[in-house]
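Data first, discussion second: the structure below is written as structure tokens.
Because only heavy atoms are used, hydrogens play no part in the values below, and waters and symmetry mates are left out as well, while side chains stay in. Computed from a prediction, not measured in an experiment: that's the story for all the values here. This chain uses plain numbering: 1 for the first residue, then up along the sequence.
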Amino acid sequence: MTDDAESGPAQRYVHDHPAIQNVNVVHEEQRSFGDRVADRVATVVGSWSFIITQSVTLALWIIANIILVAQAATSGKPFMEAWDPYPFILLNLVLSFQAAYTGPIVMMSQNRQAEKDRIAAESDYEVNRTSERELEVVLEHLAHQDELILKALDRLERIVAGHAAEMRSLASRS
């Protein structure tokens, strides 16, 4: 059994840090229904499929209204009235409503993502601090082991030297 003076830093180190948590799980558990809806809206609005769908819808809206206005002008009896003739005021109103609602919803989602990033950064910092301290302990322990090995080698060399002297002494007597 070794005394406390010979026990290394690794034996004296106390692992008292909290368990590492998965930031994604913590963040997911904290999200409310509204948060999930906002994140889903932001995901949809920020996708190429939404941009393409909206572009096609806008193009069809404009083309249909232009065709209906042209048909009314040429035939006199239109198949259907243009619901939003040029300058497309209804379209402008619809797009304004869309921007008025999706803008804040996307910002809510971005704020939540920023909070998640802050939590992840704090977690990374704590893990790095703990890792750094434990690495210091390992390096101190390796240095301590080097000292013990050098002491053991020195003792071993003295024993071997004493044994060799004893053998020479015995050899010279005979």
Do [X] and [Y] pair up side chain to side chain, a donor and an acceptor below 3.5 Å, judged on atom types alone?
{"X": "Asp117", "Y": "Gln113", "value": "yes"}
{"X": "Gln145", "Y": "His141", "value": "yes"}
{"X": "Gln98", "Y": "Gln54", "value": "yes"}
{"X": "Ser131", "Y": "Asn128", "value": "no"}

Please round to the nearest 0.5 Å and tell me the distance separating atom [atom1] of [X] and atom [atom2] of [Y].
{"X": "Asn65", "Y": "Leu91", "atom1": "CG", "atom2": "CG", "value": "8.5 Å"}
{"X": "Leu156", "Y": "Ile149", "atom1": "CG", "atom2": "CD1", "value": "12.5 Å"}
{"X": "Met167", "Y": "Ser169", "atom1": "CE", "atom2": "OG", "value": "10.5 Å"}

Checklist entry - Salt bridge or not for Glu122 and Arg118, using N-O below 4.0 Å? => result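 A salt bridge links Glu122 with Arg118.
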Checklist entry - Is a salt bridge present between Glu136 and Arg133, judged by a nitrogen-to-oxygen distance below 4.0 Å? => result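 Here Glu136 pairs with Arg133 in a salt bridge, since their nearest N and O are under 4.0 Å apart.
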Item to check | Where Ile119 and Gln30 come nearest, the two heavy atoms and their spacing | outcome: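 Looking at all heavy atoms of both residues, the shortest contact is CD1-OE1, 4.3 Å.
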Checklist entry - Taking all atoms of both residues into account, what is the closest heavy-atom pair of Ala82 and Pro85, and its distance? => result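 Answer, listing the atom of Ala82 first, then Pro85: O-CD, 3.9 Å.
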Item to check | Flag, side chain of Thr43 to backbone of Asp39, donor-acceptor distance under 3.5 Å | outcome: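 Between the backbone of Asp39 and the side chain of Thr43 there is a qualifying donor-acceptor contact (under 3.5 Å).
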For a 4.5 angstrom cut-off between non-hydrogen side-chain atoms, does [X] reach [Y]?
{"X": "Thr53", "Y": "Thr57", "result": "yes"}
{"X": "Ile105", "Y": "Val45", "result": "no"}
{"X": "Leu148", "Y": "His144", "result": "yes"}

Next on the checklist: Check this for me: Phe50, atom CZ, are more than 12 non-hydrogen atoms of other residues, nucleotides or ligands nearer than 6.0 Å?
Outcome noted: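 Atom CZ in Phe50 is packed in, count exceeds 12.
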Checklist entry - Would Leu68 and Gln71 count as a side-chain contact (heavy atoms from CB on, under 4.5 Å) if you check the C-alpha gap in whole Å, the side-chain angles of each, and the deciding distance to 0.1 Å? => result CA-CA 5 Å; Leu68 291 173; Gln71 183 187 23; 3.9 Å; yes
Checklist entry - With hydrophobic residues grouped by side-chain heavy-atom distances under 4.5 Å, do Val44 and Val41 end up in a single group? => result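 Yes.
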Item to check | Test applied, ring pair (Phe, Tyr, Trp, His ring centres under 6.0 Å); reference residue, Trp61; option that passes from Tyr86, Phe88, Trp83 | outcome: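 For Trp61, the ring pair (Phe, Tyr, Trp, His ring centres under 6.0 Å) check succeeds only for Trp83.
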Item to check | From CA spacing to verdict: salt bridge (charged side-chain N to carboxylate O under 4.0 Å, His left out), Glu126, Arg129 | outcome: CA-CA 5 Å; Glu126 289 300 321; Arg129 261 188 46 206; 3.5 Å; yes
